[in-house]
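The block underneath contains the structure these notes are about, expressed in structure tokens.
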Amino acid sequence: MGSNYDKFETVCRILEENKFDKAKLISILQTIQEEYKYLPEEILAFVASTLKISPAKVYGVATFFAHFTLEPKGKHIIRICDGTACHVKRSTSLIETVRNKLGLKENEISTKDMLFTIDTVACLGACGLAPVVVVNEEVHGQMTPDKIVSLVDEILKQEEVK
Ligand code: FES
């Protein structure tokens, strides 16, 4: 089946492991996201046709759960909380600072080299530490624009050393 087959090899395996069971759609999508780091549109369409469910249903499930993402993510993910407590403590200045630092244009969430993705999230449940930023799963409280710039610089330095 040529290159198309290669492209879908992983998703075929995942579907097989789940015995092509529509009832397992959520766990199938979870595994696909673990493999591809996001849910590519053509993969969603493939899952829909293979499981004989409508693409709208698959797309609906993928967009309903916040932990699914339809866009590719960068290597380093910076989540900036913009919930009420963090917003009051000027989370927007953090968002602006880091976006400027990375040169992101209006609707961009990832840098061109896919090194960084900036996500704005609702309350992370650590309001006592507001404003909160999570860098690659590591929680940083009482964040300031200066501190976030040095976090980015640190990552850039590590990447250079590699
Ligand atoms: S609002 Fe940011 S952690 Fe709650």
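Just follow the structure's listing: the first ligand is 1, and inside any ligand the first atom is 1. Here the structure is a predicted model, which is why all the values come from computation and not from measurement.
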Legend entry - NZ/NE/NH1/NH2 to OD/OE distance under 4.0 Å, Glu137 and Arg79: yes

Legend entry - Pairs meeting criterion side chain to side chain donor-acceptor pair (under 3.5 Å) with involvement of residues 115-134, two or more places apart: Lys73-Asp119, Ser110-Thr117

Legend entry - His67 and Gln33: side chain donor to acceptor below 3.5 Å: no

Legend entry - Side-chain H-bond candidate by donor/acceptor type, Thr144 with Asp146, under 3.5 Å: no

Inset, instruction - Mind checking side-chain hydrogen bond (donor to acceptor under 3.5 Å, both in side chains) for Glu17 and listing every partner two or more places apart, or none if nothing turns up? - result: Arg13

Inset, instruction - For Lys147, enumerate each residue passing the side-chain hydrogen bond (donor to acceptor under 3.5 Å, both in side chains) test, keeping only those at least two apart in sequence or located in another chain. - result: none

Legend entry - atom 2 (Fe) of ligand 1: protein N, O or S atoms that are less than 2.8 Å away, sorted by chain: Cys81 SG, Cys86 SG

